[in-house]
*Asks:* 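Could you have a look at this structure, given as structure tokens, before my questions?
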Amino acid sequence: MVKRPTLAESVGAGRRAARVTVAAAAGFFPAAYLLDQPVTALYALFAPIALGVLSPVPGSGRRRALTVLLALPVAAALTSLGTALAVQTWSAVAGMLFVAFVLTFGAVCGPRPAGTAPGLQLFYILACFPPFAPETLPQRLTGVAVGVTLLVVCELVVLPDRPESSYRDRIADTLDLAARAAGSVIRTGRGPEPGLAVRLRAAGRGLRFSHQPSGARPTGAGRTDRALAQAGSATRRLVDQLAALTEMPPAPTDLASQDLLRGTAAACAETARSLRRTRPATGPELIEEMIAQFLAAREAASTGRTPAPHQVLLRQSTVLTIAVSAVTVRTAVALAFGGRRPVHGLPREQFWYARTPTVGLFVIRLAGNLTRRSVVFQNALRTALGLALARLVAGSLDLSHGFWVLLTVLTLGRTTAGATWSAVRAAVVGTLAGALAAGLLLIGAGQATEVYAYLLVPVMLLAFTVGPLEGPAWAQGLFTLVVSVAFAQIAPVTWRLAEMRVVDVLTGSAVGLLCGVLAWPSGARAETRRSMTALLRAAAPVVRATTAATTGSDPARVTDTVDQALRLTRHRLRMAESAYAQYRTEPSGPAPETEPDYLAALNFAARVLVGGYWLPRTAQAHDLPPDALRWVRDVTEEVETAAVRAADFPPGGIRLRLTPPPSPTPRSPPRIPALLADLEVWLTALAADLRTSTGPRTTRPAPS
């Protein structure tokens with residue numbers, strides 16, 4: 001069933017089409033008719049189309065205008081490079097290979113490079129085709145500057161879109177809800193508000209990147225985006241843990257837990273205010289002190305003659321995890337808006353980017369994805385090879401308007417062979433229809449230039465509104481009309497221009513299909529499964545290393561493996577997230593009932609990392625009695641083994657039921673029951689994620 005565009009999508013497309021049409025017409029007509037500069041007119045026409053239609057820049061209003069303005073020097077450099085390399089086909093092909101790979105691979109650095117990459121490639125494509133005319137470079141650069149500048153102005157003044165809600169505002173709203181929920185728990189003892197847990201979990205799901213506009217996702221390699229992404233992830237864990245707390249059965253009043261929960265609520269509210277003011281949050285020292293006081297009070301309470309009930313200990317452990325998440329959020333917000341700064345008294349590995357220079361952060365992101373297992377690398381290589389092959393074919397066959405061949409590859413290329421074939425079929429049908437209409441128009445109007453001048457604006461407005469909404473058939477058909485009407489005003493043309501357009505589109509479609517079939521034809525499907533397998537296997541040793549560090553049972557193993565395991569798991573998590581994000585954008589895939597729950601696998605790895613960072617700091621006890629130590633080792637081995645088995649995603653799933661910890665004895669050290677409760681909460685959550693990731697998709701994992 002074809003999804004029809006919503007009213008909001010239609011209105012947004014119409015606004016965008018109006019801005020691009022005004023910018024393109026305002027640059028094209030004066031250059032073509034007043035200055036008699038056809039080269040300048042051509043580039044002034046295509047510059048807004050490149051950055052406004054071919055690669056719609058994410059964000060709205062000023063943010064888009066700033067992104068387009070920052071892209072101007074790059075567009076000018078690519079135009080100059082294409083002009084210089086057009087001297088020979090081989091040089092143009094080599095340049096195309098390099099430019100396409102760099103621009104597409106640069107998408108890993110954030111939404112702005114990803115949004116502008118397709119449009120920027122068009123500037124090189126336009127300039128790298130014959131005739132080799134370096135003397136026209138000033139006219140080309142003038143057209144690029146005029147077109148881009150006009151688009152910047154139009155983004156600001158022509159039907160500007162409403163500002164999008166930023167990711168930090170969404171985090172702030174969720175933290176406010178968490179503060180209110182924590183206050184409710186303190187007042188009532190268990191938070192009986194109807195639907196409170198549902199609202200908390202819904203707010204956590206709303207922070208997923210898949211629920212955000214592309215321009216609002218903090219996916220960049222810089223410190224601010226990394227910190228905001230970490231703040232969002234920690235906020236999701238916080239509200240999920242709060243929801244679990246509200247669902248726990250009533251327990252005796254626990255003043256220490258109430259005090260820590262009250263401090264957590266205040267920290268959430270203050271962090272939300274800091275996010276809305278876009279300034280560093282107050283350091284986490286206060287809530288850190290409250291966590292220390294809570295741990296001391298819990299240990300002191302456990303020295304009494306009557307140990308606390310197990311349910312009370314589980315509740316305390318849950319409150320502690322909520323407070324730890326609040327500390328993570330506050331620290332990440334402070335790093336996001338405070339720049340490079342030391343992180344005192346907190347897990348160094350969790351905030352590893354705090355003191356790393358910005359250039360180093362980008363190098364780490366690029367180097368981490370420079371592997372054939374990265375979907376970003378695969379897409380960059382596929383795009384570069386496709387465009388380079390298209391440039392070689394167009395140059396070897398001496399096709400008129402050969403840049404249309406490359407434009408077809410650029411616009412119709414998909415990440416799977418099936419999706420590419422579907423787009424090509426629709427595009428060919430649309431191009432044939434558009435060529436027929438254009439041929440009839442060119443025959444009927446002949447050399448009456450004023451007819452084409454009158455038609456250009458309404459045809460552009462129609463094409464740029466309907467094309468993005470209705471798919472490749474409409475987009476290619478209407479764009480055929482646009483280029484026919486535009487070229488008819490630059491030089492004398494006949495109906496054969498429409499014929500050339502058909503030939504070029506068919507050639508580009510064949511090249512795109514060839515690359516789609518030969519280069520990773522299944523898209524991110526296989527890579528997602530492979531990356532999830534690698535992620536689970538990398539995270540499994542962290543479970544044992546964490547419990548060993550917490551209990552002091554195997555210090556040599558901890559020293560040798562924990563840092564390396566944490567680094568490897570972080571890297572695998574980033575790769576798996578990229579593959580999963582692309583996989584969810586592809587139209588094909590396994591049936592829901594047979595597909596592993598990859599989101600649960602991601603949740604498992606994130607929960608493993610958090611436990612690895614915090615458990616050794618908040619729950620250490622190196623004097624466990626033999627029965628408790630045996631339980632920790634057995635349960636840890638069970639979870640670690642289950643993670644390795646889950647990495648193969650067996651069809652029948654895995655069965656994993658953890659045994660409860662042993663009851664404390666009068667001779668047990670005072671902190672042992674609390675430590676066992678902390679480990680039980682963490683390991684039980686890990687086991688639930690593993691069961692969900694490999695079991696039937698009847699339920700979704702809790703957002704973490």
Side-chain angles (χ1 to χ4, degrees), residues 50 54-55 78 81-82 85-86 89-108 113-129 369-370 372 374-399 401-428 430-431 472 475-476 479 501-527 582 585-588:
L54 185 60
S55 60
L78 292 173
L81 181 64
L85 296 182
T89 297
W90 67 265
S91 59
V93 170
M96 187 74 262
L97 185 67
F98 173 78
V99 168
F101 181 84
V102 169
L103 290 178
T104 309
F105 187 71
V108 75
T116 56
L120 289 174
Q121 292 182 42
L122 184 60
F123 291 100
Y124 176 85
I125 291 172
L126 277 172
C128 76
F129 275 92
N369 283 273
L370 201 59
R372 65 187 182 91
S374 167
V375 293
V376 179
F377 176 82
Q378 293 174 6
N379 291 337
L381 190 58
R382 181 195 295 113
T383 301
L385 291 175
L387 290 174
L389 179 59
R391 179 62 183 88
L392 178 62
V393 171
S396 302
L397 300 180
D398 195 21
L399 297 177
H401 301 287
F403 71 91
W404 285 343
V405 179
L406 278 75
L407 186 59
T408 301
V409 175
L410 188 62
T411 56
L412 297 183
R414 300 292 188 269
T415 55
T416 67
T420 302
W421 168 240
S422 178
V424 164
R425 283 186 305 172
V428 169
T431 301
Q476 291 294 328
F479 191 68
R501 167 75 177 164
V502 172
V503 172
D504 291 341
V505 168
L506 290 176
T507 305
S509 298
V511 173
L513 276 176
L514 180 63
C515 293
V517 170
L518 297 180
W520 295 283
S522 62
R525 179 192 301 177
E527 201 57 59
Q582 177 177 310
T585 65
E586 295 174 349
S588 60

*Asks:* Output, in order, the C-alpha distance, side-chain angles, deciding distance and verdict of side chain to side chain contact (heavy atoms under 4.5 Å, CB included) for L407 and F479.
*Replies:* CA-CA 11 Å; L407 186 59; F479 191 68; 3.6 Å; yes
*Asks:* Would you mind listing every side chain to side chain donor-acceptor pair (under 3.5 Å) that reaches into residues 96-108, with sequence neighbours excluded?
*Replies:* T104-Q121
*Asks:* Rounded to the nearest 0.5 Å, how far apart are OG1 of T116 and CG of L54?
*Replies:* 11.0 Å
*Asks:* Sequence neighbours left out, cut at 3.5 Å: what donor-acceptor pairs do the side chains of residues 380-389 make with other protein atoms?
*Replies:*
residue, atom, partner, partner atom, Å
R382, NE, A519, O, 3.2
R382, NH1, N379, OD1, 2.7
R382, NH2, W520, O, 3.3
T383, OG1, N379, O, 2.8

*Asks:* For V428 versus S509, what's the shortest heavy-atom pair and its separation?
*Replies:* CG2-OG, 4.0 Å
*Asks:* Tell me, do R391 and V405 make a side-chain contact under 4.5 Å, heavy atoms counted?
*Replies:* no
*Asks:* For Q378 and R372, work out which heavy atoms get closest and say how close.
*Replies:* NE2-O, 2.9 Å
*Asks:* To the nearest 0.5 Å, what is the distance between CH2 (W90) and OG (S396)?
*Replies:* 14.0 Å
*Asks:* For V503, does its backbone N or O pair with a side-chain atom of T507 as donor and acceptor, under 3.5 Å?
*Replies:* yes
*Asks:* Would you indicate whether the side-chain heavy atoms of L406 and L410 approach each other to under 4.5 Å?
*Replies:* no
*Asks:* Which heavy-atom pair separates A127 from A86 by the least distance, and what is that distance?
*Replies:* O-CB, 3.8 Å
*Asks:* Using the test side-chain contact (heavy atoms from CB on, under 4.5 Å), find all partners of T431 that sit at least two apart in sequence or belong to another chain.
*Replies:* Q476, T480, R501, V502, V505
*Asks:* For residues 91-102, dump all side-chain donor-acceptor pairs below 3.5 Å to protein atoms at least two apart in sequence or in another chain.
*Replies:*
residue, atom, partner, partner atom, Å
S91, OG, L85, O, 2.6
S91, OG, Q88, N, 3.4
S91, OG, Q88, O, 2.8

*Asks:* List for me each residue that meets side-chain contact (heavy atoms from CB on, under 4.5 Å) alongside S55, sequence neighbours excluded, and say none if there are none.
*Replies:* L51, P118
*Asks:* Of all heavy-atom pairs between F105 and N369, which one has the smallest distance, and what is that distance?
*Replies:* CE1-O, 3.5 Å
*Asks:* Holding to side-chain contact (heavy atoms from CB on, under 4.5 Å), I want the full list of residues that pass it with P472, two or more places apart in sequence or in another chain.
*Replies:* L412, R414, A423, A426, A427
*Asks:* What are the two closest non-hydrogen atoms of W404 and T408, and how far apart are they?
*Replies:* O-OG1, 2.8 Å
